[in-house]
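What follows is one structure encoded as structure tokens, with my remarks underneath.
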Amino acid sequence: MTRSQLAVPAVAVLAVCVMMTASLPAQSSSGASNAKWVTPRTAWGDPDLQGIWPASELIGVPLQRDPALGTRAYLTDEEFAERQKQASRQAAADGEEFAAPAGGGGDGTGPPNHWLERGTPQRQASLIVDPPNGRMPAMTPDGERRAADRARRSSTGAGPFNGPEDLDYYDRCVSRGVLGSIAPVVYNNGTEIVQGPGYVAIRFEMIHDTRIIPLDGRAPVSQAVRQHMGIPRGHWEGETLVVETSNFNGTIGVTGNGRLMPTSDALKMVERFTRTSADTIEYEATVDDPKTWTGPWRVSFPLRRDDSYGFFEYACHEGNNAMRNILSAARAEERR
């Protein structure tokens, strides 16, 4: 059975959820057209977060802030103008028929640069907003050790590559993790939210992972049960969906695509989804992993609704020649 065939039942469930949801239109308490935004409700009364919310326009906003910006969360007019100029230069380079050899496009696991998505220049200085300097707290010694080991064993590292298990979960097309699936990366940034009574489902274009989040207050499962994307529990705080996730297996990183910066099995995440307008959800996620960092840190960024956005099939394993080539090259190096 192919990956696309396996995805059919999940897609069918999502379609049913969409059909069974008759969202009520947004309305204001005063009736005035310029009144404060009021979140629409589902037919059963929950805040309606449904739709497709790609993070594509945020490509180019770094996870961590340039230290030179200090605690400034947004760029000045001059800095923003420079970011716009950089985007124009990149667009011109991407439009060339042939990429310059020195351009470095592709590393064996991805396309040349001119195939990638670039987003729209943003004033936001970094996805991380807390600590105030927009950077991760210091890593623990164990976190540093695991990060260095992951860097060596990624497809861009030096190995050793004795078998497929020596390569990270990004190279093996297993999962991008929670944050790595929703944070903006170079392509496939689709995120879809559908709702049913007592549940929220979040589907990602990357790997086509789907998180099923119960809202019924059920008890947590045994700590012996561990998953790549953890086990979530959700509840509403006013208009905000709060998702608390634990029981991670400590294999997925938190940088783009879930690559590098591996977390541990002590990771806990708290996400908040707040719809602030007809086409905007403010997304926040607090990462708390005491085995990896000396303190928690938080990202925050807007997701813009685009129901015309089309999810592409993510045929990662089907086109993954890098794995075979990396391992065969390691054997050739040993013979040499």
Side-chain angles (χ1 to χ4, degrees), residues 55 58 61-65 71 73 124-150 168-170 175-185 191 200 202 204 209 211-215 217-238 240-274 281-303:
L58 293 163
V61 178
L63 177 63
Q64 299 195 77
R65 192 175 309 158
T71 59
Q124 186 168 343
S126 60
L127 300 181
I128 294 179
V129 297
D130 188 48
N133 66 356
R135 301 188 65 79
M136 296 177 183
M139 299 189 81
T140 64
D142 183 58
E144 291 179 341
R145 178 192 61 77
R146 286 184 283 107
D149 184 65
R150 173 66 63 84
D168 66 31
Y169 285 78
Y170 168 85
S175 176
R176 300 301 192 241
V178 174
L179 189 56
S181 295
I182 198 169
V185 289
T191 295
V200 173
I202 303 178
F204 300 112
D209 274 325
R211 301 170 69 197
I212 306 298
I213 303 165
L215 308 175
R218 67 184 62 184
V221 301
S222 166
Q223 289 294 303
V225 180
R226 300 280 173 167
Q227 298 190 108
H228 296 305
M229 299 187 76
I231 298 177
R233 295 288 185 265
H235 65 273
W236 296 100
E237 292 183 2
T240 297
L241 172 65
V242 180
V243 181
E244 300 177 354
T245 307
S246 60
N247 293 63
F248 290 93
N249 61 14
T251 59
I252 308 299
V254 292
T255 55
N257 278 333
R259 194 178 201 191
L260 307 179
M261 289 288 184
T263 55
S264 78
D265 58 4
L267 171 65
K268 295 184 185 298
M269 287 187 63
V270 178
E271 300 165 277
R272 303 177 70 87
F273 298 78
T274 306
I281 284 178
E282 190 65 29
Y283 174 77
E284 293 186 2
T286 298
V287 176
D288 188 1
D289 184 353
K291 289 185 179 179
T292 305
W293 291 279
T294 56
W297 49 275
R298 179 168 57 92
V299 301
S300 179
F301 50 88
L303 297 171

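Note that these values count all heavy atoms, side chains included, but never hydrogens, waters or copies made by symmetry. For the single chain, residues carry numbers from 1 onward in sequence order.
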Margin query: D265 and side-chain hydrogen bond (donor to acceptor under 3.5 Å, both in side chains): which single residue from R226, K291, Q223 fits?
Written below: K291

Next item on the list: Would you sort out whether F248 and V178 count as a side chain to side chain contact (heavy atoms under 4.5 Å, CB included), showing the intermediate values?
Entry: CA-CA 10 Å; F248 290 93; V178 174; 4.0 Å; yes

Next item on the list: To the nearest 0.5 Å, tell me how far R218 CZ sits from R233 CZ.
Entry: 5.5 Å

Notebook entry, point to check: Rounded to the nearest 0.5 Å, how far apart are CG of L63 and CZ of R135?
Noted result: 9.5 Å

Notebook entry, point to check: Between OG1 of T292 and CE of M139, what distance do you get to the nearest 0.5 Å?
Noted result: 6.0 Å

Item checked: From CZ (F273) to OG1 (T240), nearest 0.5 Å -> 11.0 Å

Notebook entry, point to check: Can a donor-acceptor pair be found between the side chains of T251 and N249 at a distance below 3.5 Å?
Noted result: yes

Next item on the list: Any chance you could measure R272, atom CZ, to T286, atom OG1, to the nearest 0.5 Å?
Entry: 8.5 Å

Margin query: For the CE atom of M229 and the CG atom of L179, what is their distance to the nearest 0.5 Å?
Written below: 10.0 Å

Check: Step by step, would you call Q124 with F301 a side chain to side chain contact (heavy atoms under 4.5 Å, CB included)?
Finding: CA-CA 8 Å; Q124 186 168 343; F301 50 88; 4.1 Å; yes

Item checked: side chain to side chain contact (heavy atoms under 4.5 Å, CB included) partner of L241, the single match among T274, V200, I281 -> V200

Note to self: Whether the S181 and R211 side chains hold a donor-acceptor pair (N or O, under 3.5 Å, no angle test) is what I'd like checked.
What the structure shows: no

Check: Charged N to carboxylate O under 4.0 angstrom, D149 versus R146?
Finding: no

Next item on the list: Return the minimal non-hydrogen interatomic distance between A266 and D289, and the atom names on each side.
Entry: CB-OD1, 3.9 Å

Checklist line | Side-chain donor/acceptor of Q64 to backbone N/O of M136, under 3.5 Å | finding: yes

